[in-house]
Amino acid sequence: DIGILLQPYGNEQTVYPYNTFTNCSFRNLTVRGQENAGGFCGCIDGKVTNQNNLNVTTQNFIVGQDSTISAIQGNSSAGGLFGYARRGVAINTVSGTTYTAIWENVNVEAGQYSGGIIGQIYTDSSSPYYKIRNVRVSGKTGTKSLTKVRSNGEKYTGGLIGKISFASGVTFNILDCEVQNTQINE
């Protein structure tokens, strides 16, 4: 599993405030994790109020293409961007930006939680902020991308996000997103 763990730097109480990805992409990628798998990161963790940003500044930018993201354990999470997120996430929140972030033909599979961009969001404080704008998850013309889970027990699958668990006061703002030509669970 690959993760980003945000923690104090040295003996100071300073944390890394933001992780920002601008016009980053992957193509023909195969990720196979145990617990958490994602196109950019399997696990984003840290109990701070700051967030992880993905911004697209080019028209119809393909973030992920022709790839397979999977987490194989029974209680695992997988997503086209992040498998598991416990901090705020923002996609396309630069003021005035109307460009679309596209995941095309990215197949996501997990044991318990799978989503086109994030498998599972869990927050245990009221500070994180989630804003997702102008995202498209789709298959290619003539084929469907697949988002599914393998568990026989509790399981959650979504075109954008598999499961969201949060404390009261957490803000979610999901705007102008679409899921098309996608098979969710088989």
Side-chain angles (χ1 to χ4, degrees), residues 1-8 15-22 24-26 29 31-56 63-64 67-94 101-103 106-137 147-149 151 154-175 177 179 184:
D1 296 329
I2 299 171
I4 296 174
L5 175 63
L6 300 167
Q7 60 188 13
V15 295
Y16 302 103
Y18 296 96
N19 296 307
T20 299
F21 304 94
T22 302
C24 293
S25 65
F26 59 88
L29 176 69
V31 176
R32 185 175 165 97
Q34 295 293 313
E35 289 182 29
N36 302 299
F40 282 175
C41 184
C43 178
I44 298 286
D45 202 350
K47 293 184 177 185
V48 295
T49 60
N50 299 320
Q51 62 194 24
N52 301 283
N53 304 298
L54 169 66
N55 294 309
V56 170
V63 175
S67 298
T68 300
I69 312 297
S70 64
I72 61 173
Q73 287 186 352
N75 63 344
S76 59
S77 301
L81 179 64
F82 302 133
Y84 173 88
R86 198 171 82 167
R87 316 184 62 219
V89 174
I91 299 175
N92 280 339
T93 58
V94 173
I102 301 169
W103 278 261
V106 176
N107 298 308
V108 178
E109 182 177 0
Q112 196 165 21
Y113 310 110
S114 64
I117 56 173
I118 303 171
Q120 180 185 20
I121 293 174
Y122 172 82
T123 64
D124 53 3
S125 74
S126 62
S127 300
Y129 180 82
Y130 297 86
K131 184 171 185 177
I132 300 170
R133 265 181 84 219
N134 296 330
V135 168
R136 182 170 70 221
V137 175
T147 302
K148 72 178 196 172
V149 293
S151 173
E154 179 183 274
K155 55 186 173 184
Y156 299 93
T157 301
L160 294 176
I161 301 167
K163 182 179 181 184
I164 300 172
S165 302
F166 59 91
S168 64
V170 174
T171 303
F172 283 90
N173 190 343
I174 300 174
L175 301 165
C177 296
V179 177
I184 300 174

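We number each residue from 1, following the sequence as shown.
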As an exercise, state the distance from [atom1] of [X] to [atom2] of [Y], rounded to the nearest 0.5 Å.
X: I69; Y: T147; atom1: CD1; atom2: OG1; answer: 11.0 Å
X: Q73; Y: Q34; atom1: CD; atom2: CD; answer: 5.0 Å
X: L175; Y: K131; atom1: CG; atom2: NZ; answer: 6.5 Å
X: S25; Y: W103; atom1: OG; atom2: CH2; answer: 11.0 Å
X: Q112; Y: N75; atom1: CD; atom2: CG; answer: 6.0 Å
X: R86; Y: I121; atom1: CZ; atom2: CD1; answer: 13.5 Å

Apply ring pair (Phe, Tyr, Trp, His ring centres under 6.0 Å) to Y122 and list each qualifying residue two or more places apart in sequence or on a separate chain. none

Going by ring pair (Phe, Tyr, Trp, His ring centres under 6.0 Å), name the residues that satisfy it together with Y113, two or more places apart in sequence or in a different chain. Y156

Validation row: [X], [Y] side chains within 4.5 angstrom (heavy atoms):
X: I132; Y: I161; value: yes
X: K148; Y: I184; value: no
X: I174; Y: Y130; value: no

Residue from L54, V89, N36 passing side-chain contact (heavy atoms from CB on, under 4.5 Å) with F82: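 Looking at L54, V89, N36, the match for F82 under the side-chain contact (heavy atoms from CB on, under 4.5 Å) is V89.
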
Using the rule side-chain contact (heavy atoms from CB on, under 4.5 Å), only one of I117, V56, L160 pairs with I91; which is it?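 With I91 as partner, side-chain contact (heavy atoms from CB on, under 4.5 Å) holds for just one option, I117.
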
Looking only at heavy atoms, what is the nearest atom pair of [X] and [Y], with distance?
X: I118; Y: A85; answer: CG2-CB, 4.5 Å
X: G80; Y: V106; answer: CA-CG1, 4.4 Å
X: A71; Y: S77; answer: CB-O, 3.5 Å
X: A110; Y: A78; answer: CB-N, 3.6 Å
X: N92; Y: N134; answer: ND2-O, 3.2 Å
X: C41; Y: C43; answer: SG-O, 3.3 Å

